[in-house]
Amino acid sequence: MEPRLSLVTLGVVDIARARSFYEAMGWVGESPDGEVVFFQTGGMIVALWGRGQLAEDSGVDDNGGWGGVTLAYNAASPDEVDSVLRQASDAGATIARWGAVTFWGGYSGVFVDLDGHPWEVAHNPGWHLQPDGSIRLH
C-alpha cells in the first residue's frame, strides 16, 4: 500500500444540513444522487454520507460517540487560524478551543462541526504548506 490517503468519509445525521455547513466554509460539493456529497480538497476527497449507511458499509456499530479521530486543516499563519475559526463559528460550528500558542511551538484552535466531527485548525511553523494546500514534513 502506498503511503497516502485518498478519501475521508464523515458520517452525518442530515446530508443537506452538513452540506450547507461545509459550503458555508467555502467548499464546493457535488452529489450524484442526493445521498452522498463529495468535496475535492486538494489532492483528496472528503465525502458526507449518512451515519447509519456508513457504519453498515464499514462493518461497525455506530454508538453515536466520537470515533477517536480529529481532522486537521493546516493554515499559513496564526491569523488564518483565527479567520477559519470565526468562519466555522459563523457557519454554526461549536468552538472547542479558540486559537492560541501551543506547547509544540505552533498556534491552533478547534471547531466541532454540526455532526460532532472535531477539526483542529493549526499553523505549524516547522511544516511546509505548499501553494496547492498540501503539507510537507520536510
Side-chain angles (χ1 to χ4, degrees):
M1 184 167 134
E2 295 177 24
R4 63 181 163 83
L5 184 62
S6 304
L7 173 81
V8 171
T9 303
L10 302 177
V12 301
V13 174
D14 181 321
I15 293 288
R17 180 181 78 142
R19 180 179 187 167
S20 292
F21 172 79
Y22 282 98
E23 288 180 344
M25 294 296 294
W27 294 21
V28 177
E30 59 182 69
S31 177
D33 58 10
E35 292 191 20
V36 63
V37 179
F38 298 107
F39 297 95
Q40 186 70 54
T41 56
M44 63 178 288
I45 294 169
V46 171
L48 306 175
W49 197 21
R51 283 185 71 100
Q53 294 160 299
L54 180 59
E56 181 180 341
D57 189 64
S58 300
V60 299
D61 292 325
D62 179 11
N63 297 320
W66 178 60
V69 175
T70 296
L71 303 167
Y73 174 88
N74 280 81
S77 68
D79 286 341
E80 185 184 1
V81 170
D82 291 337
S83 177
V84 170
L85 291 170
R86 282 191 304 275
Q87 184 180 15
S89 179
D90 290 347
T94 300
I95 304 302
R97 182 169 46 82
W98 286 100
V101 175
T102 65
F103 69 90
W104 45 265
Y107 186 88
S108 77
V110 176
F111 72 83
V112 180
D113 77 7
L114 304 178
D115 286 280
H117 302 290
W119 282 81
E120 179 184 31
V121 182
H123 170 67
N124 184 334
W127 289 0
H128 304 283
L129 188 61
Q130 305 300 304
D132 68 356
S134 62
I135 193 94
R136 300 284 182 254
L137 294 173
H138 307 285

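Nearest approach of Gly29 to Val37, heavy atoms of both residues: CA-CG1, 4.0 Å. Closest approach of Met44 to Leu5, counting heavy atoms only: CB-O, 3.8 Å. Heavy atoms only, all atoms of each residue included: Leu114 and Gly92 are closest at CD2-O, 3.3 Å. The minimum heavy-atom distance linking Ala96 with Val112 is given by the pair CB-CG2, 4.1 Å. Across every non-hydrogen atom of Ala88 and Phe21, the tightest pair is O-CE1, 3.9 Å. Of all heavy-atom pairs spanning Val12 and Ile15, the tightest one is CG2-CD1, 3.6 Å.
Val8 and Trp49 fall into different hydrophobic clusters, defined by Ile, Leu, Val, Met, Phe, Trp and Tyr side-chain heavy atoms under 4.5 Å apart, directly or through other members. Criterion: ILVMFWY side-chain heavy atoms under 4.5 Å apart, direct or through other members. Under it, Met25 and Val81 are part of a common hydrophobic cluster. Both Val101 and Leu85 sit in one connected hydrophobic cluster of ILVMFWY residues. Membership requires side-chain heavy atoms under 4.5 Å apart, directly or through other members. Put simply, Ile95 and Val84 are part of the same group of oily side chains (I, L, V, M, F, W, Y) that touch within less than 4.5 Å, one to the next. Transitive grouping of hydrophobic side chains (ILVMFWY, heavy atoms separated by less than 4.5 Å) keeps Ile45 and Trp27 in distinct clusters.
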Item checked: Verdict with reasoning, Leu71 to Asp113, per side chain to side chain contact (heavy atoms under 4.5 Å, CB included) -> CA-CA 11 Å; Leu71 303 167; Asp113 77 7; over 6 Å; no

Next item on the list: Please test Glu80 against His123 for side chain to side chain contact (heavy atoms under 4.5 Å, CB included), starting from the C-alpha separation and ending with a verdict.
Entry: CA-CA 8 Å; Glu80 185 184 1; His123 170 67; over 6 Å; no

Next item on the list: With side chain to side chain contact (heavy atoms under 4.5 Å, CB included) as the test, would you mind laying out the steps for Val13 and Arg51 before giving the verdict?
Entry: CA-CA 6 Å; Val13 174; Arg51 283 185 71 100; 4.1 Å; yes

Next item on the list: Please report the C-alpha distance between Arg86 and Ser89 in whole Å, then the side-chain angles of each, then the deciding distance to 0.1 Å, and finally whether the side chain to side chain contact (heavy atoms under 4.5 Å, CB included) criterion is met.
Entry: CA-CA 5 Å; Arg86 282 191 304 275; Ser89 179; 5.6 Å; no

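Other residues, nucleotides and ligands contribute at most 12 non-hydrogen atoms within 6.0 Å of the CD atom of Glu30. Annotation: Glu56, atom CD; neighbour count of heavy atoms from other residues, nucleotides and ligands within 6.0 Å does not exceed 12.
You'll find the side chain of Pro118 stays beyond 4.5 Å of the side chain of Glu120, heavy atoms only. Looking only at side-chain heavy atoms (C-beta outward), Leu137 and Trp127 come within less than 4.5 Å of each other.
Listed for the Arg97 side chain is a donor-acceptor partner under 3.5 Å among the backbone atoms of Ser108. Between the side chain of Asp115 and the main chain of His117, no donor-acceptor pair closer than 3.5 Å is present. Distance alone, capped at 3.5 Å, is enough to place a donor-acceptor pair between the Tyr107 side chain and the Gly99 backbone. Of the possible donor and acceptor atoms, none in the side chain of Ser83 sits under 3.5 Å from a partner among the backbone N and O of Asp79.
Arg19 contributes atom CZ, which lies 11.0 Å from atom CZ of Phe38 (distance to the nearest 0.5 angstrom). If you take NE2 on His128 and CD1 on Ile135, they are separated by 9.0 Å, rounding to the nearest 0.5 Å.
The closest side-chain donor-acceptor pair between Asp132 and Ser134 falls under 3.5 angstrom.
By the 30° and 60° cut-offs, the orientation of the rings of Phe111 relative to Trp119 is parallel.
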